[in-house]
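In the text below, chain A, chain B and the rest are named by the order of the sequence lines, each starting its count at 1.
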Number of protein chains: 2
Amino acid sequence: MPLPCAAAGACLSPRSVGLNVAADYRFVQLDEVQTPALLLNVDALERNLARMAKLARGGGKALRPHNKTHKSPVIAKKQMALGAVGICTAKVGEAEIMVANGVADVLITSEPVPRNMDRFVALAAKAKIAATVDDAEIARELGRRAGARGIEIAILVDVNVGQERTGVDAGPDVLRLVELVFKTKGLRFAGLQGYEGHLQSRMPETERRALACAAYDRLGETKVLIEDAGIAVPTITTAGTGTARFALEHAAVNEIQPGSYCVMDSSYGAVEPSFENALFILTSVLSLNRRDALVVDAGWKAASTDSGVPKVRDHPEATYKEAGDEHGKIAGLAGTHRAGDVVWLVPSHCDTTINLYDKYILVRDDGTVEGELAIATRGKSA
Amino acid sequence: MPLPCAAAGACLSPRSVGLNVAADYRFVQLDEVQTPALLLNVDALERNLARMAKLARGGGKALRPHNKTHKSPVIAKKQMALGAVGICTAKVGEAEIMVANGVADVLITSEPVPRNMDRFVALAAKAKIAATVDDAEIARELGRRAGARGIEIAILVDVNVGQERTGVDAGPDVLRLVELVFKTKGLRFAGLQGYEGHLQSRMPETERRALACAAYDRLGETKVLIEDAGIAVPTITTAGTGTARFALEHAAVNEIQPGSYCVMDSSYGAVEPSFENALFILTSVLSLNRRDALVVDAGWKAASTDSGVPKVRDHPEATYKEAGDEHGKIAGLAGTHRAGDVVWLVPSHCDTTINLYDKYILVRDDGTVEGELAIATRGKSA
């Protein structure tokens, strides 16, 4: 029987995307997968990609998904095939890999610094690259180097909308930096970026919506300030998975950059249940010698804990506890497993968990193993 | 002027070990290193390696350093050149890379399970591999597969000495499993492993010493039980960086397996100051727009936080705070840096921080950059 999505020609199976099923790839059964392993349910992934594409289309906004989550040019190209205008990467190292693999439109959401600036410029010479800046010295230096190479780099000025991380505070200070960018040779002012990261998990939803809209209002007011000074603001880019729906309703915003929606995790699942969890850690039971817990082979090297510990799928009564680099302890399942049996975990934070692995094991809804997908920009933090 | 260690022929510079300085490697200055970067001070590393080798020699015990920290066959071979009898790896995937790179004696400290057992057996057919077990079913299955291949695998029975993770509780239950291993075709009983991981950071030192010695006493008593049953116990292997000195003084122990001493971190530095910190995260200042903090380009993808946040080197008054996948905030240094300046951080946990990077940037005591070293077993958790 053909796979449902294969029939529609939209399948992300490695066969349909021509990816990473080397001629010698031996299709394995789930019970042969070496643990700990990162499983990606490509059926759920495809439903998530289609859902966000439809939402953005319905809202009449551009969708520029953030690669910081999936770290795969294959998935990025799938997002673009579904209508995304381009992608975001956090770092120039990720953008280099995206461009090398055929993704031709990238917004790099972290500011360049002198030591990596030549790589920004070299990349911008061969693809559509936009950079973000929040510092006048950095903007001048980037312009100098781009100008020396005879190119112009698109610049989004980074605006602080309440996250208190990077970005110039919304308002008149932004205008000063925009004017500098506007008149600097080698730079082309392309708009504003304002990421309301502090709101992504804010509950209840009514509060999240209200605060997100207030952040977009600040971007809109800043845009008016800039336009009043005679400078056009082509793009206002913002939002993550937890706020994308609100950004799509706001007049000031014309581009959204969510990342996690593609695979989700237990943290985002609690705030945005309309996307499905597509990501799992497959872990083996290593030891039955503790009365109070199963000891499994997934520790800090298999599951990030910056946002809490993973949940145990299919067993809401069970709890995972970290037990070092290579071990975890699962309480609530004692007596139910043998050594070597597997347990499926749901990561607490997709981005940082994916960053621990070199590859996804691709599975279908029914658990069949479909192949592997390289996590190509893993670790490319520089 | 020749480097001091080069004169002694013991230098770990990539030139002297013939490693990873490709013909086209361009020696860079520190201000060209792309951030975030993981810096390894090879002078400090070499002093640490020499110091532990000397301690083990002085104590008359075998040293089998744990690769879980450095993740490099080059450093493993350096440890063996200094007298180590072999190395430990946590996983078979790490051991495969060690063996492929010329490390011929490996103890794999995590128990095999059926899905990875054939890899244990295949590796044991070409190098000296020891496995640990704490489960009768697993022992029988491993023996069956090793026997079918016509080889015998050395087995350390894993003993719980109070960490309450893996291992059979010290005492009569261990004897039962040892007897099973002893009589199982394909297995050769090689001794006991008991890791007192729960004591590595225990303070004050007097308490750590007393509790560690009590753990070694339990191993010694279990050894007597086994010997009374007519089975020799060739090896008792135990200890980490925080307890190695105590294990070296204890009559029951004949092998130690510390890992972190090679590079150290801020957690171990507080409990075992006789080894030097050799590991740093180089991070760039990205944003000056927050009044209370410098925003830097090292977040969860650059520094593990399972054991706390990194410390700021040279600035005891400054504190680092995590701010997402790609960002951190450093309080206490506002007004002292420009965007693009660098700050050196000291990781809180070496193993998991190293696991985030593909390579070390090798530096000397004076900060000169010497080359790069691949973190070859990074991510090989399966």
Contact part of [X] toward chain A, heavy-atom cut-off under 4.5 Å: side chain, backbone, both or neither?
X	answer
B:T166	both
B:S307	side chain
B:R291	neither
B:D173	neither
B:V168	both
B:E164	both
B:I138	side chain
B:D118	neither
B:V33	both
B:S381	both

Of the backbone (N, CA, C, O) and the side chain (C-beta and beyond), which part of A:D169 lies under 4.5 Å from a heavy atom of chain B, both, or neither? both
Can you say whether A:D297 sits under 4.5 Å from chain B via the side chain, the backbone, both, or neither, judging by heavy atoms? both
Side-chain donor/acceptor of [X] to backbone N/O of [Y], under 3.5 Å:
X	Y	result
A:R165	B:A323	yes
A:N289	B:D134	yes
A:K68	B:E326	no

Just so I understand: if I count every heavy-atom pair under 4.5 Å between each of [options] and chain B, which residue has the most?
options	result
A:A37, A:G197, A:S287, A:S304	A:S287
A:D341, A:T352, A:L286	A:L286
A:K329, A:E111, A:H327	A:H327
A:K380, A:E322, A:K91	A:K91

Does any non-hydrogen side-chain atom of A:R338 lie less than 4.5 Å from one of B:D135? no
Does the side chain of A:P114 reach to within under 4.5 Å of the side chain of B:E32, using non-hydrogen atoms? no
Any carboxylate oxygen within less than 4.0 angstrom of a Lys/Arg side-chain nitrogen, looking at B:R378 and A:D358? yes
Under the rule for side chain to side chain contact (heavy atoms under 4.5 Å, CB included), what residues qualify as partners of A:V342, not counting sequence neighbours? A:T35, A:L282, A:S284, B:R115
Please determine, among B:V92, B:D306, B:V113, the option with the most heavy-atom pairs under 4.5 Å with chain A. B:D306
Sequence neighbours left out, what passes salt bridge (Lys or Arg N to Asp or Glu O under 4.0 Å) with A:E94? Give chain and number order. B:K301
Straight-line distance of B:D351 CG to A:W300 CH2, nearest 0.5 Å: 9.0 Å
